[in-house]
Enquirer: 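One structure, as structure tokens, below. Some questions next.
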Amino acid sequence: MIPQSAPRATAPTLSRSEGAARRSQRNSKVWILVLIYTGTVSNVRLFKRKEMNMGSPSRSFTIGFAISFVFLLAFSSFVLCSTAIPVTQEEAQRAASTYKSIGSAQYPEWTDASLVLTRTFYDLAFEASAFEFAVQSGGRQIGHIIIGGNRDFPPLIEYTNGPSVIDQGVSRGNAPAEALQSVESGGEWTPIYVGGFDYYLVGPDAVSDLVDVLRGGRVELADLQLFSEDLSAKLRAVPGTFSGMWEAALSGKSVKAEDDYSILIEAEGYTWYRGCGPTSGTMVLGYYGNAGYRELDYTPESFVWDGPYTMNPYIPRDLADMVADICDVPRSGGRVDDYGVYTGELAGAIVRVAQSHGYKGFQCYMYQDLRDYTIYKDTIDGGDPCVFGITKMDPGSYDNHAIMGAGYNYRNPEAGHLAIVFDTWVTGERTAAQEYFITYRLLTVYSPLVAEQDLELSAESYDYGYVNVGDHDDWMLKIGNIGALPLLVNNLSFDDPDYSVTLPSFPYTIAAGESIFANIRFEPSHAGRISATMTIETDDPDPNEEFCEVSLSGRGIDNTAPIVRRAGFMGDHLAAGASGNISVHAEVYDAEGNSDIDVVNLFIGTLEGGHISSLELFDDGQHADGGAADGIYGNEFWVDAAPAGVYVFEIVAEDTHGASSNVWPYMRIGDSGTAKSNDTLWGVYPGMGEAGDSSVANIYMAGFDTTSITLEAGGKLLCVADIDDYLDGSSLARAELRFEGGGVLTLLDDGQGDDEIAGDERFTGSMDLTPGYPAGDYLLEIVAIDGSGRESVAYPFYVVR
């Protein structure tokens with residue numbers, strides 16, 4: 001690459017006689033190779049076909065050369081009949097000056113910069129096809145402009161404030177090092193441009209020395225020729241497409257105001273990964289991530305392809321993999337292959353990825369072959385990027401290339417409506433005439449959700465079920481903002497005083513892509529059905545969501561929730577891999593009588609993994625529960641080859657009104673009233689110490705005889721544990737209830753105080769909890785201790801070891 005401090009060598013220019021000689025030499029070398037290649041392939045194929053049919057090889061050989069001759073005639077006709085009007089270097093310089101003036105809206109440093117012709121591109125007939133000018137200021141290059149070399153191309157191919165495409169490709173190792181030196185010195189390597197966003201270098205051996213400078217790799221000369229002919233036919237099919245643009249670019253007309261320049265500043269270019277379509281779709285989603293949709297804010301990363309090309313992609317691969325997988329694009333395993341993606345597939349992928357991140361308002365609109373520049377401009381003005389599909393050179397593969405449109409600069413619209421785009425092979429922005437894209441094909445414009453605040457609620461109604469009069473029940477409503485601007489929630493109001501919001505305080509501003517939980521409380525003041533409407537007032541511009549309503553209902557009852565007093569399991573602890581029956585008992589009390597108890601459920605979990613299974617307990621005398629309707633609920637289950645671990649049983653009773661008991665074996669210290677919960681409490685276990693000695697004793701039932709301890713009033717804690725000594729009762733010294741933080745309550749079986757009968761293997765202890773004891777859920781943890789100090793397994797843990 002030429003040092004920035006030194007001026008670039010001017011590409012060789014041809015006089016009429018010199019150009020004819022060079023073109024003749026180049027044409028002979030290139031096209032003889034093309035024809036030899038084509039004829040040889042034909043000969044080989046025909047020879048093989050005849051050989052299989054036992055035909056004459058010599059006749060096949062003759063046919064092959066005949067085909068070669070036909071190709072020669074066709075090419076001669078194409079060259080002789082070409083109607084392209086060449087552009088002189090002086091005209092190219094004038095056009096470049098016009099676009100430098102237009103580009104100064106994007107790059108203010110261009111205003112007083114100078115232009116230097118640095119490179120001439122040629123087509124396959126060695127006619128000038130494009131001129132590259134360096135934009136220089138203070139002796140350094142600050143950008144480049146590429147102007148079309150004939151009137152079949154638009155005057156502007158592209159401009160950018162970055163390095164030239166040839167320099168980028170060579171710096172990546174996509175072309176031999178001597179190639180650029182040869183180009184700069186006027187040697188045998190020649191820059192080739194035949195249209196689109198693709199550039200090539202052709203060396204002395206045109207068949208083997210033709211390389212794609214942006215993607216790397218060898219290109220078949222015959223394929224490039226087919227592309228060039230196809231593109232020429234498309235351009236000639238739309239007569240006069242670029243004539244007006246050339247007149248404006250060469251006229252020196254003054255340009256329009258800077259208001260006609262716009263770019264989405266959050267747009268970002270990523271390099272190719274798993275296809276140009278998935279990469280362009282990822283750029284669209286990445287734009288919204290940068291613009292405030294935080295769930296789509298993925299950090300791009302660099303990684304080196306393990307494949308035939310030297311390339312260091314820069315893209316958020318996790319996000320790109322989602323798009324590519326939905327499009328069913330194969331994983332290349334490190335190869336830089338090109339994969340075609342149909343428009344509908346890419347549109348659906350963008351929407352589905354956005355929805356999977358919580359943004360439900362995304363939509364995609366597809367415009368087929370539509371030549372209305374207003375749609376593109378309105379899309380950008382609305383804050384949304386789009387995806388272009390343009391014709392490109394990619395032999396033997398998908399012939400349309402996807403790029404993302406992120407802005408426009410058309411201060412002189414007669415000189416072309418300019419689109420600012422991000423290609424998938426260059427991370428910087430590239431500006432080109434949008435008519436150029438449309439002439440080839442504008443496949444799609446994606447217009448997702450406009451960047452604004454957007455309310456989303458987790459529910460539109462909620463039924464609290466039965467709640468005791470004087471008690472309360474809470475429900476958490478998720479209020480989200482799936483838009484790209486902050487959402488102001490002014491207030492939550494209710495048309496019945498039995499409903500209220502306890503947190504957070506309002507007004508409250510929810511950041512883009514974020515959400516909050518509002519605690520909605522139902523506190524019935526009387527028995528019976530109580531319904532209300534909650535109104536959420538926001539600044540969402542959608543009139544249907546500025547005042548959003550949620551329906552609430554519940555029934556106040558004079559009811560007492562049931563209490564699980566004591567519970568536990570019968571039988572020995574198992575050895576790892578052993579099998580056996582485990583019986584579970586629970587003593588459940590309800591002030592309204594046993595008939596008010598609807599269901600008693602056991603939940604089984606582990607300290608590490610949480611809830612793993614559940615079992616219903618019965619009081620019917622048929623589930624190892626004792627007598628029917630005696631308040632003792634039970635059931636048993638078979639454990640087959642139990643895995644080692646520590647297991648915890650949780651039991652919850654619910655009455656016919658839907659009121660839940662305390663969660664055994666937890667003691668809850670709440671903020672008011674009788675503690676109750678509709679949820680089990682996985683994940684609040686204290687640390688489990690030593691497993692203990694299972695041969696000392698078995699604590700088969702235990703619990704608290706009260707659940708009315710509150711933060712304000714305190715209360716009396718009475719703990720009861722039924723313990724079965726394997727030897728005899730006299731060997732047990734005591735039991736201890738151990739609290740988190742080191743507190744201990746001693747339980748005795750001595751007939752004193754709260755213990756009713758001495759020696760009945762029911763150990764009892766009590767203590768007064770003063771007001772202000774920290775609120776929370778406390779797990780029962782009891783150990784039995786014998787006379788020699790040995791401890792049982794901590795209860796209620798069931799241990800497999």
Side-chain angles (χ1 to χ4, degrees), residues 11 13-14 19 82-103 115-135 143-160 164-166 190-200 213-214 224 227-253 388 390-393 401 403 409-410 412-421 423 430-440:
T13 58
L14 302 177
S82 175
T83 59
I85 301 175
V87 173
T88 67
Q89 290 185 14
E90 186 274 333
E91 290 174 327
Q93 180 98 21
R94 286 163 56 193
S97 179
T98 296
Y99 289 108
K100 181 181 75 72
S101 176
I102 294 175
L115 294 173
V116 177
L117 177 65
T118 57
R119 185 172 291 124
T120 300
F121 290 87
Y122 298 91
D123 58 21
L124 296 179
F126 207 66
E127 301 283 354
S129 59
F131 298 96
E132 179 182 308
F133 294 87
V135 183
H144 74 277
I145 300 173
I146 300 180
I147 300 297
N150 64 69
R151 301 299 179 98
D152 277 351
F153 287 150
L156 176 68
I157 303 301
E158 66 170 301
Y159 68 70
T160 179
S164 72
V165 290
I166 295 289
T190 302
I192 298 295
Y193 177 75
V194 293
F197 262 7
D198 295 315
Y199 302 86
Y200 306 89
V213 294
L214 281 183
L224 186 57
F227 169 80
S228 177
E229 293 176 353
D230 178 66
L231 176 59
S232 297
K234 289 180 179 178
L235 295 176
R236 288 195 298 270
V238 188
T241 300
F242 305 121
S243 59
M245 295 169 59
W246 274 108
E247 291 176 6
L250 297 175
S251 67
K253 289 182 180 179
F388 284 109
I390 64 173
T391 301
K392 74 180 189 68
M393 171 56 196
H401 181 45
I403 58 178
N409 187 9
Y410 81 133
N412 188 349
E414 294 84 3
H417 296 124
L418 306 186
I420 302 172
V421 302
D423 194 3
R430 306 170 79 177
T431 304
Q434 195 218 10
E435 287 87 350
Y436 197 19
F437 301 154
I438 294 177
T439 300
Y440 298 162

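Along the sequence shown, the residues carry numbers beginning at 1. Since we're looking at a predicted model, the values are computed, not measured.
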Enquirer: Who passes salt bridge (charged side-chain N to carboxylate O under 4.0 Å, His left out) against R151, sequence neighbours left out?
Expert: E91

Enquirer: Taking the side chain as C-beta and beyond, is there a heavy-atom pair between Y199 and P191 under 4.5 Å?
Expert: no

Enquirer: T431: what forms a side-chain contact (heavy atoms from CB on, under 4.5 Å) with it, not counting sequence neighbours?
Expert: Q106, Y159, L418, I420

Enquirer: Between atom OH of Y122 and atom CD of E127, what is the distance when rounded to the nearest 0.5 Å?
Expert: 10.0 Å

Enquirer: Just jot down the side-chain contact (heavy atoms from CB on, under 4.5 Å) partners of A130, sequence neighbours excluded, or say none.
Expert: F121, I146, Y193

Enquirer: Could you state the interatomic distance from CG (D152) to OG (S243), rounded to the nearest 0.5 Å?
Expert: 11.0 Å

Enquirer: Quick one: closest heavy-atom pair of L117 and E132, and the distance?
Expert: CD1-O, 3.4 Å

Enquirer: Over all heavy atoms of both residues, which pair between Y200 and L224 is shortest? Give the atoms and the distance, please.
Expert: CE1-CD1, 3.9 Å

Enquirer: Any donor and acceptor pair, going by atom type alone, linking the side chain of S251 with main-chain N or O of A248 inside 3.5 Å?
Expert: yes

Enquirer: Restricting to non-hydrogen atoms, name the atom on S228 and the atom on L124 that form the minimum distance, rounded to 0.1 Å.
Expert: CB-CD1, 4.5 Å

Enquirer: What's the separation between atom CZ in F197 and atom CD1 in I157, rounded to the nearest 0.5 Å?
Expert: 9.0 Å

Enquirer: Within this structure, what is the OG-CD1 distance for the pair S97 and I102, rounded to the nearest 0.5 Å?
Expert: 10.0 Å

Enquirer: To the nearest 0.5 Å, tell me how far Q93 CD sits from T98 OG1.
Expert: 11.0 Å

Enquirer: Look up atom CG in D423 and atom CG in D198, then write down how far apart they are to the nearest 0.5 Å.
Expert: 8.0 Å

Enquirer: Mind listing the closest non-hydrogen atom pair of A96 and F133 along with its distance?
Expert: CB-CD1, 3.7 Å

Enquirer: Quick one: closest heavy-atom pair of W246 and P155, and the distance?
Expert: CZ2-CA, 3.4 Å

Enquirer: Can you see which heavy atom on I147 is nearest to which on A92, and at what distance?
Expert: CG1-O, 3.8 Å

Enquirer: Apply side chain to side chain contact (heavy atoms under 4.5 Å, CB included) to L115 and K100, showing your working.
Expert: CA-CA 9 Å; L115 294 173; K100 181 181 75 72; 3.9 Å; yes

